[in-house]
Protein chains: 2
Amino acid sequence: MATIDDVAKKAGVGRSTVSRVLNNSPKVSDKTRELVFKAIKELDYHPSSIARGLAGNSTYTIGIILDNTMDKAYANPFIYEVLRGIEKTIYENGYNLLLVGMNTRRGNKLATELILQGKMVDGLVLQSQLIMSPFFKIIQGYNLPVVSIGKLDKKKEISWVDIDNFEAGYMAASYLYSRGYNKIAFEGIDDSKVFAVDRYRGYLKFIHEIGSQPLIADKFYSDVDAIICLDNMCAFKVLQNCKQLGKKIPEEIGIMTFDDYPLAEYLEPTITNIDVDLFALGSEVGKEILRKVKERDGDVKEIQIPVSINVRESTK
Amino acid sequence: MATIDDVAKKAGVGRSTVSRVLNNSPKVSDKTRELVFKAIKELDYHPSSIARGLAGNSTYTIGIILDNTMDKAYANPFIYEVLRGIEKTIYENGYNLLLVGMNTRRGNKLATELILQGKMVDGLVLQSQLIMSPFFKIIQGYNLPVVSIGKLDKKKEISWVDIDNFEAGYMAASYLYSRGYNKIAFEGIDDSKVFAVDRYRGYLKFIHEIGSQPLIADKFYSDVDAIICLDNMCAFKVLQNCKQLGKKIPEEIGIMTFDDYPLAEYLEPTITNIDVDLFALGSEVGKEILRKVKERDGDVKEIQIPVSINVRESTK
DNA sequence: AATGTAAGTGGAAGCGCTTCCACTATAGGA
DNA sequence: TCCTATAGTGGAAGCGCTTCCACTTACATT
């Protein structure tokens, strides 16, 4: 295993010069730089992140804390799609990802230790709900760059990235209206979740803009001609109800949901939905944490990922 | 941030004694040990993994390479459920998880570098399909402990952990038979996937044991009274076909599938299935890689996770 | 009393880097 | 011509640990 000294010797330069080349310092002449690169290639040298971490102040590692204790992965696959997006950005920038789970007692302890150790990770990504949890207070003391997956309603001096759920709700309502539906209900309201509240608020805004009142569908869907479902499971139930009631989709009733989950594609009819790009969400999270790590600047960004519409069979 | 020297000073002992305490060396008297522990607690000292990695030979970090380039997380959430199991075991044993994705070109490079750097990870977990990939050859040179998620059909001198898919197939057939079905077909045969082949082989074994011949259902399901579906998407289609054909479930036709995916629970009727415990699979992967890392022994284990049955409405 | 042994301990080297500091050229200005 | 910046470079210290080696005890053996 070649070390930096081997490279230095082979290139006929000093150890610090090699280091400078590795770190893209401008204070190296082109001639020397080439010499060093040649030696690196010949020796197939790879710098040790461990040593770099000890010596300098960067481990090129981002920690990520997942709140996946409770849910089975397929009950809540969304966070993993976000993870994929994060990975991509992180890897492309030459960083590593250290996964810190909360699914054990030790999770908490470990997460804390990572920060206490200071040098283990350069930055931390975590889900918004964890920011409310008690252990997060410990983190705050160590002014480590942090980015939240998911909107923070209270100002917390932390950057966050989320789907633009307000826009999603608005877009769903406005699309249905544009297709000729005008008694549009919203199903599955849930005050406890920020994304749910935002989707509903987006819906509300549009409904008010056209001078209407929000609706909640009754048992027989008799007073509505379209239903926006909070999520896929909700859509699934609404769909089954419609079938039992003998309602024709999309003629008598239009249905929309959010997230282009496989269900939406396999059901009969397939469901029109507002597609939320979780992979893009993850990418932005990655970009933001790297920006904070590299620039070491403190300004807090609130990033919303635009949504798009996926027209299928459940709407006119 | 307290260091080992601070602890040594506070406890009034040498630095190496503190190190011995940290590493559970028996060569420390109880008195001294207590003194050191007290100092550690008072200083809220946490050893730096980075420094330990550089000095010793362990980083207490396991690398995991996910082959998640292509599939959206919800198209294939299974691997993430395995991941949850791995996390749990790894964290409980005081190790960290370094995630290495393949979802970029750099993925390959990085994964290789991790190994080349040698000290970055103590062991490596990867999906069976990656073992066949060209980049795996590079890994082999560095005799790092490796465990495969998923069965390896060819002997590769690598431990693997997988669901007992053969048993799963056998169990499905035998359960249907025990409920009075005797014209049992297998739907969704796929030669290209080890798990699919094993499920089918398990089915075959039972069918032969009762002196029958394997069946493949025709378009109208006229010659069968039960169908074992390779996976949930397959089951979903079979279910829809049955409805169109007006077949009564479970009276006229019994349906079974594998994996207790949410679909199985939400469909009408709900689907009886062989539950494969992917979380347990992950736990075993974690245990096995830690065993190899700690014991540094080379014996190859082949671990099969037992399956269980989940009776729902689609069978008599 | 002299020797041997084992348990316990501290000192120091070294893991592979980064970075500060001191140094040497080289070129430009007086 | 001499002096002074400045770009470029090498040496050495140090990051926080582990581990080897040398050393001191205390006690059992002759």
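Residue numbering restarts at 1 for every chain, and letters A, B, ... go by the order of the sequence lines.
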Between [Y] and [X], does any NZ, NE, NH1 or NH2 come within less than 4.0 Å of an OD or OE carboxylate oxygen?
| X | Y | value |
| --- | --- | --- |
| A:Lys38 | A:Glu34 | no |
| A:Lys292 | A:Glu288 | no |
| A:Glu284 | A:Lys287 | yes |

OP1 or OP2 of D:dG10 under 4.0 Å from side-chain N/O of A:Thr17: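 Yes, within the criterion.
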Contact under 4.0 Å: A:Tyr60 side-chain N or O vs C:dT18 OP1/OP2: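 Negative; the distance criterion is not met.
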Partner of A:Ile64 by side chain to side chain contact (heavy atoms under 4.5 Å, CB included), out of A:Leu98, A:Leu83, A:Val82: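 When side chain to side chain contact (heavy atoms under 4.5 Å, CB included) is applied between A:Ile64 and each of A:Leu98, A:Leu83, A:Val82, only A:Leu83 qualifies.
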Under 3.5 Å donor-acceptor pair, [X] side-chain atoms to [N] base atoms:
| X | N | answer |
| --- | --- | --- |
| B:Ser16 | C:dG10 | yes |
| A:Thr32 | D:dG8 | no |
| B:Arg20 | C:dG10 | yes |

Touch class at under 4.0 angstrom, heavy-atom based, for A:Asp5 against every strand present: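 No contact at all - A:Asp5 keeps every heavy atom at 4.0 Å or more from the nucleic acid.
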Sugar-phosphate only, base, or nothing, as touched by B:Ser29 at under 4.0 Å among non-hydrogen atoms: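 Sugar-phosphate, backbone atoms only, no base.
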Taking [atom1] from [X] and [atom2] from [N], how many angstroms apart are they, rounded to a whole number?
| X | N | atom1 | atom2 | answer |
| --- | --- | --- | --- | --- |
| A:Asn23 | C:dC17 | CG | P | 11 Å |
| B:Leu54 | C:dG16 | CG | C1' | 6 Å |
| A:Met1 | C:dC15 | CE | C1' | 13 Å |
| A:Lys27 | C:dC21 | NZ | P | 12 Å |
| B:Ile40 | D:dG16 | CD1 | P | 16 Å |
| B:Leu35 | C:dT9 | CG | P | 10 Å |
| B:Ile4 | C:dA12 | CD1 | P | 16 Å |
| B:Arg52 | D:dT19 | CZ | C1' | 13 Å |

Pair A:Phe279-A:Glu87, side chain to side chain contact (heavy atoms under 4.5 Å, CB included): steps then yes or no: CA-CA 10 Å; A:Phe279 190 85; A:Glu87 283 180 40; over 6 Å; no
First of A:Arg15 and B:Ala51 reached from the 5' end of DNA chain D, by closest nucleotide: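 The answer here is A:Arg15.
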